Colleague: 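Below you will find the structure I want to go over with you.
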Amino acid sequence: MQADLLIRHAAQVVTPVGRRPLRGKALGSLQVIPDGAVAVREGRILAVGPTAEVEARLREVTEVLEARGQVVVPGFVDPHTHLVWAGDRAAEFERRLQGATYLEILQAGGGILATVRATREASVEQLRAETRSRMDRMLLHGTTTAEAKTGYGLAPEAEFRLLDVIHDLDATHPLDLVPTFLGAHAIPEEHRADPEAYVALLVEAMLPAVAARRYPVEGPWRAPWTDGRAAWFCDVFCERGAFDLDQTQRILEAARRLGFGLKVHADEFVPSLGATPLAVALGATSVDHLVSTPPEHLALLARSETVGVMLPGTSFGLGSGHYAPARRFLEAGGALAIATDLNPGTSWCESMPMMMALAARYLGLTPAEALAAATLNAACALGLGHEIGSVEIGKWADLVGIDAPDYRHLAYRYGVNLVHTVIKRGKIVVREGQAVYRGTDGARPGGDRP
Ligand code: NIG
Ligand code: FE
């Protein structure tokens, strides 16, 4: 065997196994290889096992990376982010600390709508620069693939601009992005008096236009599975003050007819709107949030093929004591993933290890379960379980080296970055905690700032 890269003598190589999500009690069953090694060829994993065994099978190696003192895990997959926006909502955060609620602020034209105003006003260059710096932070924290939603444009051209930024950055940054169209994130100001007119615009004009839109598939950092589609998924924020169940259904059905995979923001605040059973009935790829989901809806989801994505950073970011009932979902046999929900309102956090730390404390996950929920199951929430999410022969070599003797340090420690090395499709993009990649345009991390 000939390898381009050999990572050897890792304190442990730790990974979930398979192409499908680990369900229920099986979520915590990881493979742990002490003194582990991973060999990589042409971006894919060629061999994994104890260092002595892997080395014995290798004839030639181009580059060797000593991983002593590190734990090697799959690159983290963040399956729910609102990646592209301009500005911040620090003032709103202070108002919330003083007692204003998230839905009240949205009702008064703030919240998401404040970010929509800032995003519409920003130039494409500014949007790209702000988004790129977030992607750099994600990569430095070990995320190698992330979903990226639109949703701060809420008008045809404004949403297309966000898709342009997502595709441009996907091509020029090592972090792979999976695009989701979230035109149904809020009712934009200009349609406030007649929300149905906006739903009609979404169904009749925006969704078909997004479905027809194509992007170039070239670029050294383009994911190999990219096919030029503007968005793989369509998502809807089903919530009081956003889209009701009937509107959600019409939007998702239209999206399904156009070939989009489906996702839903369900049960984030108001319980029992019914978005979870709807999403299951429509065969959604994932249902996300699930904070106030009633037990019977959770059980229905658990029996389905749809992945449940829980977002502990959102509850934490809102300073709320209400976390999604992850244990109940797992007891019912559900397929659980976790994500950051990265956005300027409820959860501005680029770190999946932070989500693992929160999941261990507030969702009741073991460190092993948190790791599987942040890797293989998160990949499955994007339909990519066959390509990424585990350290297995044939999958893409997206790997993270953690500066720790044992994988449990990932959920155990928090608030500091333990990521030492990041490898994206066999290329070292973070070394000793520093980004070392170059984009197509020669852009360095942070080098695109205006
Ligand atoms: O998932 N709930 C809707 N969307 C985001 C928040 C977006 C924002 O506040 O800007 C969420 O929490
Ligand atoms: Fe969200």
Side-chain angles (χ1 to χ4, degrees), residues 78-93 95-96 100-120 122 127 130-131 134 146-154 158 162 178-189 233-244 248 251 262-271 273 275 279 284-293 307-320 322-324 337-350 355 358 378 381-382:
D78 188 344
H80 183 138
T81 88
H82 301 254
L83 187 65
V84 193
W85 78 83
D88 67 74
R89 307 218 301 266
E92 173 189 315
F93 171 58
R95 276 199 285 146
R96 276 198 287 106
T101 72
Y102 182 80
L103 290 182
E104 274 163 24
I105 291 168
L106 178 61
Q107 206 58 44
I112 295 173
L113 296 175
T115 300
V116 169
R117 285 189 290 277
T119 304
R120 285 178 177 180
L127 275 173
E130 290 188 25
T131 305
R134 287 190 277 273
E147 188 237 24
K149 300 179 197 293
T150 67
Y152 293 115
L154 307 188
L162 303 186
V178 174
T180 292
F181 176 66
L182 179 58
H185 194 193
I187 307 289
E189 254 146 14
F233 295 103
C234 173
D235 189 352
V236 178
F237 183 22
C238 183
E239 187 58 70
R240 187 184 296 154
F243 295 85
D244 67 23
T248 301
I251 296 163
L262 306 182
K263 290 180 172 282
V264 191
H265 278 67
D267 312 316
E268 182 175 357
F269 297 103
V270 176
L273 290 180
T285 304
S286 75
V287 179
D288 303 36
H289 282 290
L290 302 166
V291 174
S292 55
T293 310
V307 177
V309 180
M310 295 186 176
L311 308 159
T314 307
S315 302
F316 183 77
L318 289 167
S320 140
H322 300 293
Y323 284 81
I338 58 173
T340 61
D341 197 17
L342 173 59
N343 77 78
T346 60
S347 183
W348 191 334
C349 178
E350 288 90 345
M355 298 307 124
L358 292 173
L382 297 177

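Every value quoted in this text rests on a predicted model; they were computed, and no experiment measured them. Ligands are counted one by one from 1 in listed order, and the atoms in each one are counted from 1 as well. Worth knowing before you read on, the calculation uses all heavy atoms, side chains too, and leaves out hydrogens, waters and symmetry mates.
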Colleague: I want to check something: taking the side chain as every heavy atom from C-beta on, are Ile112 and Leu106 in contact at a cut-off of under 4.5 Å?
Modeller: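 Ile112 vs Leu106: side chains touch.
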Colleague: Is the ring centre of Phe237 less than 6.0 Å from the ring centre of Phe243?
Modeller: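 No; Phe243 has its ring centre 6.0 Å or more from that of Phe237.
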Colleague: Assess Arg89 against Trp348: is NZ or CZ under 6.0 Å from the centre of the six-membered ring, and within 45 degrees of the ring's axis?
Modeller: no
Colleague: Say whether His289, considering both its backbone and side-chain N or O atoms, lies within less than 3.5 Å of an N or O atom on ligand 1.
Modeller: yes
Colleague: Would you call Arg96 and Ile105 a side-chain contact if the rule is heavy atoms closer than 4.5 Å?
Modeller: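 When only atoms from C-beta onward are counted, Ile105 and Arg96 do touch, with a gap below 4.5 Å.
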Colleague: Under the side-chain hydrogen bond (donor to acceptor under 3.5 Å, both in side chains) criterion, do His80 and Asp288 qualify, and how do the steps go?
Modeller: CA-CA 8 Å; His80 183 138; Asp288 303 36; 2.8 Å; yes
Colleague: When you draw lines from the Fe ion (ligand 2) to NE2 of His80 and to NE2 of His82, what angle lies between them, to the nearest 10°?
Modeller: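 It is 100°, given to the nearest 10°.
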Colleague: Could you list the atoms of ligand 1 found under 4.0 angstrom from a heavy atom of Tyr102?
Modeller: 6 (C), 7 (C), 8 (C), 9 (O)
Colleague: Specify which N/O/S atom of Asp341 comes nearest to the Fe ion (ligand 2), by atom name.
Modeller: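 The closest N, O or S atom of Asp341 to the Fe ion (ligand 2) is OD1.
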Colleague: Among Lys149, His82, His185, Lys263, exactly one meets side chain to side chain donor-acceptor pair (under 3.5 Å) together with Asp235. Which residue is that?
Modeller: Lys149
Colleague: Trp85: heavy atom below 4.0 Å from ligand 1, yes or no?
Modeller: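 Distance cut 4.0 Å: Trp85 fails for ligand 1.
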Colleague: Rounded to the nearest 0.5 Å, what separates atom CD in Glu147 from atom OG1 in Thr340?
Modeller: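 Between atom CD of Glu147 and atom OG1 of Thr340 there are 9.5 Å.
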Colleague: Any atoms of ligand 1 less than 4.0 Å from a non-hydrogen atom of Asp341? List them with their elements.
Modeller: 1 (O), 11 (C), 12 (O)
Colleague: What protein heavy atom is closest to atom 5 (C) of ligand 1, reported as residue, atom name and distance in Å?
Modeller: His82 NE2, 3.6 Å
Colleague: In ligand 1, which numbered atoms sit nearer than 4.0 Å to a non-hydrogen atom of Arg89?
Modeller: 8 (C), 9 (O), 10 (O)
Colleague: If the cut-off is 4.0 Å to any non-hydrogen atom of Thr346, which atoms of ligand 1 fall inside it?
Modeller: 6 (C), 11 (C), 12 (O)
Colleague: State, yes or no, whether a side-chain contact exists between His289 and Met310 at a heavy-atom distance under 4.5 Å.
Modeller: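 No, too far: nothing below the 4.5 Å cut-off.
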Colleague: Please list, in number order, the atoms of ligand 1 under 4.0 Å from a heavy atom of Glu268.
Modeller: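 Answer for ligand 1: 1 (O), 2 (N), 3 (C), 11 (C), 12 (O).
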Colleague: Out of curiosity, Leu113 CG to Gln107 CD, how far, rounded to the nearest 0.5 Å?
Modeller: 9.5 Å
Colleague: Within ligand 1, which atoms have a heavy atom of Ile112 less than 4.0 Å away?
Modeller: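 Counting from 1, the qualifying ligand atoms are 7 (C), 8 (C), 9 (O), 10 (O).
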Colleague: Work out whether the distance between some heavy atom of His185 and some atom of ligand 1 is less than 4.0 Å.
Modeller: yes
Colleague: In ligand 1, which numbered atoms sit nearer than 4.0 Å to a non-hydrogen atom of Tyr152?
Modeller: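 Within the 4.0 Å cut-off of Tyr152, ligand 1 contributes 7 (C), 8 (C), 10 (O).
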